[in-house]
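What follows is a short report on a single structure.
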Number of protein chains: 2
Amino acid sequence: MTRTEIASLGEFGLIDRLSQSFTPALPDTIKGIGDDAAVIDLGEEYGLLSSDLLLEGVHFDLSFFPLKHLGYKAIAVNVSDIAAMNGQPGQVTVSLAVSNRFSVEALEELYDGMRAACTDFRVDLVGGDLSSARSGLLISVSVFGKVAKDKIVYRNTAQPNDLLCVTGDLGAAYLGLQILEREKQVFLANPDMQPQLEGHDYVVQRQLKPEARMDVIYELAEAGVVPSAMIDLSDGLASDLLHLCKASGMGAMVFEENLPIDEQTYLAATELNLSPVTAALNGGEDYELLFTVRQADYDKIKNNPKVSVVGFVTDQSADVTLSMKSGSKVPITAQGWS
Amino acid sequence: MTRTEIASLGEFGLIDRLSQSFTPALPDTIKGIGDDAAVIDLGEEYGLLSSDLLLEGVHFDLSFFPLKHLGYKAIAVNVSDIAAMNGQPGQVTVSLAVSNRFSVEALEELYDGMRAACTDFRVDLVGGDLSSARSGLLISVSVFGKVAKDKIVYRNTAQPNDLLCVTGDLGAAYLGLQILEREKQVFLANPDMQPQLEGHDYVVQRQLKPEARMDVIYELAEAGVVPSAMIDLSDGLASDLLHLCKASGMGAMVFEENLPIDEQTYLAATELNLSPVTAALNGGEDYELLFTVRQADYDKIKNNPKVSVVGFVTDQSADVTLSMKSGSKVPITAQGWS
């Protein structure tokens, strides 16, 4: 019998292979696998359903990730999937697998963080499951949301010449993680050393307490803008832009000089001898939104300080290019886990 | 700082403690934590949302549990939660955490089973997440369903003198597991031995391929019966009946002689020197439905061969009693994991 290693396909290849035969059959399944959330017809409006996993040792390291922040993050990253459909999150379920290494008080810390996120994003925790695990901690969150039928935004509907926009700034969460990893190594080498996080509070916070950009969703609605396509930035601008372009059958041109990068991100990158542009492109975990708007909507977004226009959509399918400050152009490629 | 061990609270105590402060705040959250599924107002009807975890080494042993069956079970047990609300399942998300011990072909087996269950229960797999894990396999499934507002059934609405009904038969899944465990030990002692499963095909199948009783849900609807309360039998009749009674503020009387127990369950119990009645009460994983009906509905269910009336509801809060064939009466108690 053939044995194909998971690593040989990579994350996205494996997802493609496993999900290819799951074609929705029900009349109320509007969109199945392939966007930030599934879309379900509720009659008057659409329902949105999405799920995310967080595993200890894969997605987080409890030696520097406080449980309260982890709880907050688990909710925020799911809410971000609903935001990416231009929807309103409503209810979440949280399933935990937990080893007896954790005390009840530790789990209460985790739930404190989830409660804070539920309050911030106005969602209700309505259920889930709880199981013992042989080792470690795993958090599985599902979120249900709603969106008006004429306001839903998919990732596969970008059009040529649409403006490419991102919220907030990029690369900070990745550099926050690098700073935390560095301090962990210092601590492991000498437990008397105090972590040196001064000057890095912003990037560290971006790693430890990501926010779903529901604020921007509300502001776009207020400004009368419905994006032509949208995706959330969980894997990094490069990877997620490629998803959006591939789904839309489009290409894109991104301008390096337009990438929103915070001052602290530059500082941390310099300290760590990393490229801030690479962090912005491939860092991931920013949970900002990447969306496209018609050029006619430019006036409605140009004064929003939370939104940067970083490029435009082209009709050159699968051709996603970075235009450097130097004038040279390089293809943008992506990385999933393998 | 205090350290309370998870084991000191037990599964249900821990769930109570962690979930106590999550009071729903949104107007469309009709029911949060505390039933088989959360209930969300969709306007014309109610939405139902539920999640379940399955962990290798805790919920299943791959040395005798085929991956295809496991995939089927993962979907079926979630559909069962929707059935228990008298609802119609629609969409599921499946999140997997998987180590590189598994090949792509092995995961395809798992998904083949999920696909079969999706076809049988008429649900669409619409999304999820996929992550590498350091070891083992974890499956997290969430299900979304719908139910007419006047047909929803909760677990906390049983009334005195309602008839206590169960579908199918009880204890078989537990004894199937005991048979499989026995054959595993035989195999480990001598790998040349063939498993002795003859005469045990039914109980083994009940363990490996549980079914959600959507068939009974459709039949009750056809007969014009809306149960007065309902819960699915995942933890065992004793535990789940106690949940239903506690939630309803009621008690119950169960008659041993009315417990539906298959001939093969008796056989396996005898062979293993176990009590078939204990298996029926505490076995778990039958995924049958426990429901109550008004006495006036008795004529509508009495000829359904899939339904057994096993007792009745009393107004003696928390007093759940088994009336033995011998005439003696014993309190029914429950067991969760600790």
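Order of the sequence lines sets the chain letters (A, B, ...), proteins ahead of strands, with each chain counted from 1.
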Pick one of side chain, backbone, both or neither for A:Val123, based on which atoms fall under 4.5 Å of a heavy atom in chain B. backbone
Pairwise side-chain contact, B:Val104 with A:Glu5, heavy-atom cut-off 4.5 Å (strictly under): no
Ignoring hydrogens, what is the shortest heavy-atom contact between B:Asp124 and A:Ala25? Give both atom names and the distance. OD1-N, 2.7 Å
Highest number of heavy-atom pairs under 4.5 Å with chain A among B:Val94, B:Leu125, B:Leu42 belongs to B:Leu125
Taking the side chain as every heavy atom from C-beta outward, state whether A:Leu49 and B:Leu49 have any pair of such atoms under 4.5 Å apart. yes
Can you tell me which portion of A:Thr29 sits under 4.5 Å from chain B's heavy atoms? Options are side chain, backbone, both or neither. both
With heavy-atom distances below 4.5 Å as the criterion, would you say the side chains of B:Ile6 and A:Asn100 are in contact? no
Heavy-atom distance under 4.5 Å to chain B: side chain of A:Ala133, backbone, both or neither? both
Taking side chain to side chain donor-acceptor pair (under 3.5 Å) as the criterion, tell me which of A:Ser142, A:Ser140, A:Ser50 meets it with B:Ser142. A:Ser142
So which residue, B:Glu44, B:Glu108, B:Arg115, B:Arg122, ends up with the most heavy-atom pairs under 4.5 Å with chain A? B:Arg115
CA sep, side-chain torsions, deciding dist, call: B:Asp28, A:Gln91, side-chain contact (heavy atoms from CB on, under 4.5 Å): CA-CA 9 Å; B:Asp28 68 348; A:Gln91 289 77 21; 3.0 Å; yes
Quick one: closest heavy-atom pair of B:Leu53 and A:Ser95, and the distance? CG-CB, 3.6 Å
Under 4.5 Å from any heavy atom of chain B, what part of A:Asp36 do you find: side chain, backbone, both or neither? neither
